[in-house]
Structures are given as structure tokens and as C-alpha cells.
Amino acid sequence: MEESSSRSTRSNEQRKEMKKVLEKTVKKRSKEEEEEQEQEEVQIFNFKCTKEEEETKEEEDLSDSEDSVFSGLEDSGSDSADDDEEEEGSDHKGPEKDDLKIEDEEEKRGTETEEKQDDEYKHDSSDEEDIRNTVGNIPMEWYKDFPHIGYNLDGKKIYKPIRNKDELDDFLDKMEDPDYWRTVHDKQTGSDIVLSDEQVALVNRLQRGQFGDVNFNEYQPQVEFFSQDVMLHPVTNRPADKRSFIPSLIEKEKVSKLVHAIKMGWIKPRRTEDDSRGRYYDLWANEDSSILAKHKMHLPAPKAPLPGHQESYNPPPEYLFTDEERALWEQQDASDRKLPFVPRKFSSLRQVPAFPRFLHERFERCLDLYLCPRQRKMRVNVNPEDLIPKLPKPKDLQPFPTTQSLVYRGHSGLVRSISVSPSGQWLASGSDDGTVRFWEVRSSRCMRTVQVGGAVKSIAWNPNPLVCLLAVARDSVVLILSPSLADRQVVLSTERLLSGQREAESTEEVGPVTWSDAEGEELSQGITLKIQHPKAVHQVTWHAKGDYLASVMPDHSSHLQVFIHQVSRRRSQNPFRKNKGLVQCVSFHPVRPYFFVGTQRSVRIYNLVKQEMTKKLQANSKWISSMAVHPGGDHVICGSYDCRLSWFDLDLSTKPYKMLRHHKKAVRSVAYHRLYPLFASASDDGSVIVCHGTVYSDLLQNPLIVPVKVLRGHVITHDLGVLDVTFHPTQPWIFSSGADATIRLFT
């Protein structure tokens with residue numbers, strides 16, 4: 001007993017001593033850790049230590065810590081042994097052996113702790129050791145606009161690594177870096193991590209749908225906890241609870257609440273449908289009256305066509321195929337046949353067999369129902385009449401010529417040109433038969449015939465009512481005729497004008513154009529003057545005052561294409577040094593000093609006072625044939641050989657305001673009426689189209705152009721129709737001359 005009590009007292013004393021030793025070691029370790037932290041803080045704030053110095057310091061710190069840890073244990077063992085020897089002496093051998101055992105155990109524990117500490121740092125699998133960002137488990141998107149990525153334990157910012165890589169650097173890394181495919185960007189730390197082979201294998205296994213652990217066997221044998229043998233006693237022989245024999249009060253309350261809700265109508269029980277018959281219904285039955293039919297975009301199913309006579313079992317004989325029709329039906333493709341079957345005739349309905357194409361027809365019907373592209377195309381409901389501009393009725397635009405009244409016959413060749421006197425009483429015509437005839441308009445009587453000795457290309461009556469003169473273009477000569485069909489005062493004024501010309505004859509200059517007086521028979525027929533030109537003249541036209549006369553000689557090889565003659569002074573001049581294009585026709589402005597020159601594709605307007613071109617009109621046609629100027633002077637119409645009539649508004653644009661394509665052949669002549677808002681065009685198709693053209697005084701309002709009448713009467717000869725057209729100066733009448741050697745008056 002004494003020995004046991006002494007041992008217990010000794011063991012208690014040893015435990016107290018061991019506690020003291022452990023407290024000392026803990027204090028030493030805490031002091032060393034504080035020193036290490038101070039050194040680390042010095043290294044962080046100064047940044048002066050190199051990597052080698054840091055490694056050496058870490059090794060020294062580790063060695064010091066190891067010595068401090070284990071030295072305390074060794075000292076504690078030695079101190080305890082000395083104390084035991086001093087206190088108890090050599091008589092107690094049992095306790096000395098116990099002390100040695102304790103020391104051995106402590107040494108073993110020390111070595112185990114060393115191995116554990118080494119293994120803990122070498123084979124550490126925790127992710128918390130590598131986490132430098134202590135911001136927590138939050139989305140890194142919060143820091144995408146900041147230069148830092150989080151904060152450390154001291155509350156200082158952890159800045160993102162500098163990434164200056166662009167797409168080109170990324171591409172070079174992709175081409176050169178062999179570990180590029182296994183490099184992953186860590187959003188939490190902002191660094192690139194290269195995956196190891198084990199991690200790549202783990203990712204591949206997970207992508208293939210396999211288990212992450214290689215050693216896991218998903219096909220291991222199942223452990224059968226319950227055998228298939230029926231046992232005598234149950235596995236658990238626990239008695240049943242009392243509540244299993246009593247109805248649940250909670251469920252009773254729930255059921256009562258549901259019953260009350262059903263009674264009050266708050267809950268409606270589901271209707272049970274009788275499915276004994278089966279749900280068979282027609283998909284398109286009563287489709288028009290259904291809810292879908294009320295939808296705007298809904299289209300009903302296509303209806304099957306009703307059977308015809310050819311589908312009857314006893315069709316009429318005209319619906320039966322003959323042998324030729326049957327052979328043709330068999331040779332045709334199934335898609336080209338009008339009937340998908342051959343009509344047959346039976347004497348009675350009992351003899352009709354089953355229809356062989358019944359299933360095929362039902363199948364085609366189903367295809368029509370669910371494959372038919374039923375789509376409603378949204379079309380704008382526009383009345384076609386609304387698209388046509390609303391034009392006034394021709395009855396509201398009268399008067400205009402409508403019927404043929406007179407026919408002037410007498411020429412034996414083509415009547416190329418006609419002209420009406422300013423009074424409207426006389427009509428002059430020139431023909432290829434070499435004659436110029438003067439007609440009385442109202443009676444169609446030929447009052448006079450003048451032989452000019454050649455084909456007449458153009459004639460023009462002087463617009464001055466005080467003078468009775470007619471210009472005739474024959475070959476290269478322009479003749480000035482005095483028909484003497486007016487009263488005495490007009491004839492006397494005409495003779496005075498001609499006598500004054502003879503007085504000014506001495507001042508005539510020699511040039512490409514020569515003036516001469518007529519003699520002999522020509523003078524007796526009324527020819528007073530002859531103007532000789534270097535080339536053949538195709539057109540002559542007078543100025544509104546009646547003193548100037550223009551002639552046209554179309555020729556590419558010469559610049560002498562247009563001449564302007566002054567009758568009072570017997571003077572001629574060429575206004576253009578160069579002619580840009582082949583001149584077709586010319587015209588004077590009725591009011592202003594403008595001169596219109598029509599080439600093949602354009603009309604140039606020249607100012608005769610300033611001697612410069614003011615405007616160029618683009619006709620948008622291949623070949624201009626004729627031209628006419630509106631009496632107001634602000635509008636021009638041009639006819640062309642490509643069946644077009646162009647209306648130009650000089651205040652609007654240089655391009656045509658309207659293009660009329662009413663004629664089927666070339667347009668030969670165009671004309672304006674002096675008083676009425678009418679203009680006409682003559683064509684080789686044998687027709688004259690009269691149009692109503694109202695020009696408003698308001699410059700903001702465009703002209704109103706309405707075709708009102710097509711006049712026919714000329715006979716087309718040698719592919720030529722109507723060659724010239726002109727209006728009566730005071731009446732809404734029109735004269736036309738054609739290739740059939742006739743002149744017609746439409747009133």
C-alpha cells in the first residue's frame with residue numbers, strides 16, 4: 001500500500017513537472033513565432049531581401065523551431081531524471097525504469113510529430129494554403145473594373161497581375177507554348193494555372209461521364225442485406241404504435257376544410273370524362289364556325305371537289321374513253337393526266353367492285369390537309385382606278401378637233417410641209433412634185449399653183465399680218481414668194497419692202513450665202529427673191545416680227561448648218577462657229593431674244609443679245625425630228641423618230657416633264673395652237689394625236705396634259721404616214737399633210 005501510494009504521489013509530481021516543461025516550450029514557440037512575424041513584416045515593407053536570402057532565412061527559422069521544440073522535451077526528460085535521483089535516491093529502481101519508459105515514449109512522439117509535420121507540408125491537399133485572395137467566396141465580377149482583386153489579412157489591396165497580352169500574343173502562345181491547351185485562367189487570383197496530367201485526366205473522365213476516382217468500381221457486386229430465404233422471425237419485432245389504430249386528427253381537419261371549400265364553390269372538382277368510347281374526332285370538322293375561323297390569319301382546309309359524271313358507275317357515253325384516248329392516257333405521266341382513273345360503265349350497282357385507289361385518294365387527301373401551305377398573304381386593298389391620276393373628261397376640255405371636214409387634193413407627190421396665213425384664210429402646201437399650192441381654207445379650192453422647179457422640203461408663211469410673204473426651201477435655195485392674195489394695202493406694203501431691199505442691195509457683202517432677184521417666168525409667178533445656200537436646206541422658219549428668217553442645213557462635215565437672214569437688209573450671218581451635233585430643227589422664241597437649236601439628242605437655247613448658251617435640254621431620245629415652242633415661251637415639245645413626245649418645262653428642269661409614248665411609229669411633226677391650250681403630234685402610223693395642255697400662271701402648279709383625240713384619215717404609203725401638222729391661227733382646227741398627197745382639215 002505504501003508503495004502504491006508513493007508511486008501515485010510520484011506520478012502526480014511527474015505530471016506537474018511535465019506540465020511546467022510544456023508551458024515553457026509553448027512560451028518559447030510563441031516568442032519564436034512573434035519573431036518570425038516581425039521578420040516577415042520587415043521583408044514585406046522593405047522589399048530588399050533576395051530570394052536566396054529568403055530561403056536561407058526560412059531554413060534557419062525552421063531549424064530554430066525544430067531545436068526549440070525538441071530541446072524542451074529532452075531537457076524535460078533530463079530534468080525529471082535529475083530531480084528523481086535527488087529526491088528518491090538509488091533505493092527506488094522501479095520509478096527510474098518508469099521514467100525511462102516515459103522518455104522513450106516522448107521521443108517516439110517527438111519523431112512522429114516531426115514526420116507528421118513534414119508530411120503535412122509536403123503532401124498537403126487543402127486549397128486554403130494557396131489562396132492569396134482573402135476577399136471571400138464572392139463573384140469576381142465585382143472587381144472587373146478595379147485594379148485590385150481583393151484584400152489580404154491586413155486589409156491591403158491585392159492587385160491584379162499585369163496582363164498586356166493581346167490577341168496576337170495569345171495566338172503566338174497558342175502556336176509556341178506546348179502547355180497552352182492545359183492552361184486555365186484563375187479568376188479568383190488572376191493568374192494562369194497549368195493543369196497537371198492527373199487533373200487533365202480527371203477532366204477527361206468527367207467529360208466522358210465517368211467517375212472522378214479511377215479506383216472506383218461501379219460494377220462491384222451488390223451486397224444483399226436481405227437473403228432470399230424466408231426466415232421464421234421478422235427482422236424487427238417492434239410492436240405497432242397506438243396512432244396507427246386511431247384516425248389522424250390533422251387529416252380530418254384538412255378534409256373538413258376541403259369539403260367546406262367545395263360546398264362554398266371555392267374549389268371545383270375535376271370533371272371525369274367517359275373515355276370508354278375513345279377520343280376520335282375530325283380535325284377540320286366545323287372549322288369555319290370554330291374559334292379559329294374568327295382569327296384573321298386562319299385559312300380553312302381545302303375542300304374536296306365534288307364527284308363528276310365521269311365518276312359515276314353508269315356515266316354517259318361521251319365521258320367514256322375511246323381506244324386512242326385510253327392509249328394516250330396510259331402513255332402520259334401521272335401528274336399530266338386530267339383524270340387519275342379510267343371511267344368505267346356497269347349495268348347495275350351490284351357489279352361495281354371495290355375502288356382500287358381508295359387508300360391512295362385518302363392518303364392524298366391527308367397530304368392536302370396537313371401539307372398544304374395555308375398562308376394568308378397580306379395584300380393592300382387598292383382600287384386600280386385610284387392609282388390612275390384623275391384627269392378631267394374630254395367633254396370638259398372642248399373645243400378641240402374631232403372630225404374630218406375637208407380634203408385638199410391636187411398634189412401628185414408627198415406633201416412634206418404646210419403653212420397657214422396669219423389671217424387663217426389661206427393655206428400653202430409644198431410637195432415633192434415641185435409645186436407650191438395656195439388653197440382657200442373654207443372651200444378647199446386651189447387658188448394658185450407655183451412651179452418652183454424642184455422638191456419642196458419646207459415652207460413657212462410670214463407671221464406678220466402686214467406683209468404677205470412665203471418662204472420656200474427648194475434644194476439649196478430659199479425662195480421668197482409674194483402670192484398677192486391679200487388686200488391692196490398689204491400688197492403695197494409688201495412691194496415697198498421689196499423695193500427697199502433693192503436699194504440696200506449695193507451694201508451686200510460676198511459670202512457663203514448670195515441674194516439675188518428673180519427674173520422672167522419666176523418673177524411673173526410671184527417669186528421675188530432667191531437666197532442661195534452652200535448646202536441643201538431642210539427647214540425654214542420666221543421670227544415673230546417677220547423680218548428675220550432662219551434656215552437649217554444638216555451636215556456633219558461643215559459648221560455652216562444654221563443661217564439667220566434679215567429680209568429688210570438682205571443680210572445673212574452664221575451665228576455659230578461650231579455646231580455641237582447634227583442640227584435637225586430651229587425655232588425663235590415668240591417673245592424673248594432666244595434661239596432654240598435642236599440637235600439629235602438635245603435642245604440648246606441661246607441668248608442672241610448676250611451671244612451665249614443659257615440652257616441645254618436633254619430629250620432622252622435617240623433622234624429628235626421636230627420641235628415647237630409654246631406661245632408663252634416657257635414650254636417646248638419635241639418629237640423624235642423613236643415614237644416619243646417630250647414636254648419640257650423650262651422653269652422646272654432640263655429633263656422632260658412628261659414623256660408621251662402614244663404613237664407606234666416615228667413622230668414627224670409637232671405643233672402648238674396660238675390661242676387654245678392644244679398641241680398635236682403627227683406620226684408615220686397615219687394618226688394625229690391631239691392633246692390638251694393647260695399651262696397655269698401659278699409657277700408652283702405643273703401643266704395639265706390630257707390626250708383628248710386620235711385623228712385618222714391618211715393612208716400610209718411607202719411606210720410614211722402624216723408628214724406635217726399645223727393649227728389654224730384662230731379656230732380650234734388642225735391641218736395635216738401626208739404621204740398620200742392629200743391635205744386634211746379636222747374641225
Side-chain angles (χ1 to χ4, degrees), residues 391-411 414-431 436-448 459-461 463 465 470 483 485-486 626 628 630-631 637 639 645 660 662-663 667-695 704-716 721-747:
L391 298 176
K393 296 180 180 180
K395 293 181 180 180
D396 300 335
L397 302 176
Q398 289 179 347
F400 53 85
T402 56
T403 58
Q404 178 178 320
S405 298
L406 295 174
V407 179
Y408 302 84
R409 301 181 187 275
H411 287 287
L414 303 178
V415 184
R416 293 188 179 273
S417 181
I418 55 176
S419 181
V420 187
S421 63
S423 62
Q425 184 180 0
W426 310 103
L427 173 68
S429 62
S431 174
V436 175
R437 293 179 180 266
F438 295 92
W439 313 81
E440 189 179 7
V441 172
R442 294 184 179 272
S443 62
S444 70
R445 176 186 175 188
C446 182
M447 301 299 295
R448 190 174 181 181
I459 62 173
W461 208 297
L470 184 72
L485 295 176
S626 55
H630 192 269
I637 55 174
L645 177 66
L660 304 179
H662 299 152
H663 291 287
V667 178
R668 292 284 178 176
S669 178
V670 291
Y672 271 112
H673 200 286
R674 292 182 184 178
L675 302 178
Y676 294 95
L678 299 174
F679 67 95
S681 59
S683 174
D684 282 340
D685 57 3
S687 65
V688 177
I689 296 179
V690 181
C691 300
H692 184 277
T694 304
V695 177
L704 176 64
I705 300 173
V706 182
V708 291
K709 190 63 177 178
V710 179
L711 304 175
R712 301 182 186 274
H714 290 275
V715 180
I716 300 175
V722 184
L723 301 179
D724 195 9
V725 66
T726 184
F727 280 98
H728 193 277
T730 58
Q731 299 294 329
W733 300 347
I734 191 169
F735 299 90
S736 62
S737 62
D740 55 353
T742 61
I743 302 169
R744 299 174 187 268
L745 171 61
F746 297 92
T747 60

Note, Trp461 side chain near Leu427 side chain (heavy atom, < 4.5 Å):
no

Verdict with supporting geometry, Trp439 and Arg445, side chain to side chain contact (heavy atoms under 4.5 Å, CB included):
CA-CA 5 Å; Trp439 313 81; Arg445 176 186 175 188; over 6 Å; no

So do the side chains of Arg668 and Val722 get within less than 4.5 Å of each other, counting heavy atoms only?
no

Does Asp740 use its side chain to pair, donor to acceptor, with the backbone of Val715 at less than 3.5 Å?
yes

Mind checking the CG-OG spacing from Leu745 to Ser444? Nearest 0.5 Å is all I need.
9.0 Å

With sequence neighbours left out, which residue pairs that include part of residues 724-733 fulfil the salt bridge (charged side-chain N to carboxylate O under 4.0 Å, His left out) condition?
none

Are the side chains of Ile689 and Leu660 in contact, using a 4.5 Å heavy-atom criterion?
no

Gap between atom OG of Ser405 and atom CH2 of Trp733 - 0.5 Å precision:
7.5 Å

Between His411 and Gly430, is there a donor-acceptor pair closer than 3.5 Å when you use the side chain of the first and the backbone of the second?
no

With side chains defined as the heavy atoms from C-beta onward, is the minimum distance between Val690 and Phe746 less than 4.5 Å?
no

Value rounded to 0.5 Å, distance of CZ in Arg409 from CZ in Arg437
13.5 Å

Do Val407 and Ile743 touch side chain to side chain, with heavy atoms closer than 4.5 Å?
no

Between Tyr408 and Val415, does the side chain to side chain contact (heavy atoms under 4.5 Å, CB included) criterion hold? Intermediate values first, please.
CA-CA 11 Å; Tyr408 302 84; Val415 184; over 6 Å; no

Okay, side chain of Ser421, backbone of Trp426: is any donor-acceptor separation there less than 3.5 Å?
yes

Ala739 meets the side chain to side chain contact (heavy atoms under 4.5 Å, CB included) criterion, sequence neighbours left out, with Leu414, Thr717, Leu720

Could you tell me if the side chain of Gln404 sits less than 4.5 Å from the side chain of Leu711, heavy atoms only?
no

Grab the two heavy atoms, one from Leu678 and one from Pro399, that are nearest each other, plus how far apart they are.
CD1-O, 3.8 Å

Do you know the tightest heavy-atom contact between Pro729 and Pro422?
CG-O, 3.7 Å

What's the verdict on side chain to side chain contact (heavy atoms under 4.5 Å, CB included) for Phe727 and Tyr676, showing C-alpha distance, side-chain angles and the deciding distance?
CA-CA 10 Å; Phe727 280 98; Tyr676 294 95; over 6 Å; no

For Ser737 versus Ser417, what's the shortest heavy-atom pair and its separation?
OG-N, 4.4 Å

Once rounded to the nearest 0.5 Å, what's the spacing between atom CG of Leu723 and atom OG of Ser626?
11.5 Å

Here the gap from Ile705 atom CD1 to Ile637 atom CD1, rounded to the nearest 0.5 Å, amounts to 9.5 Å

Main-chain N/O of Gly424 paired with His728 side-chain donor or acceptor, under 3.5 Å
yes

Looking only at heavy atoms, what is the nearest atom pair of Leu470 and Ala428, with distance?
CD2-CB, 3.9 Å

Considering only heavy atoms from C-beta outward, does the side chain of His692 approach that of Phe400 to under 4.5 Å?
no

Where Ala682 and Val688 come nearest, the two heavy atoms and their spacing:
CB-CG2, 4.3 Å

Separation between CG (Leu391) and CG (Asp396), nearest 0.5 Å, reads 11.5 Å

How close do Glu440 and Met447 get, heavy atom to heavy atom, and via which atoms?
N-CG, 4.1 Å

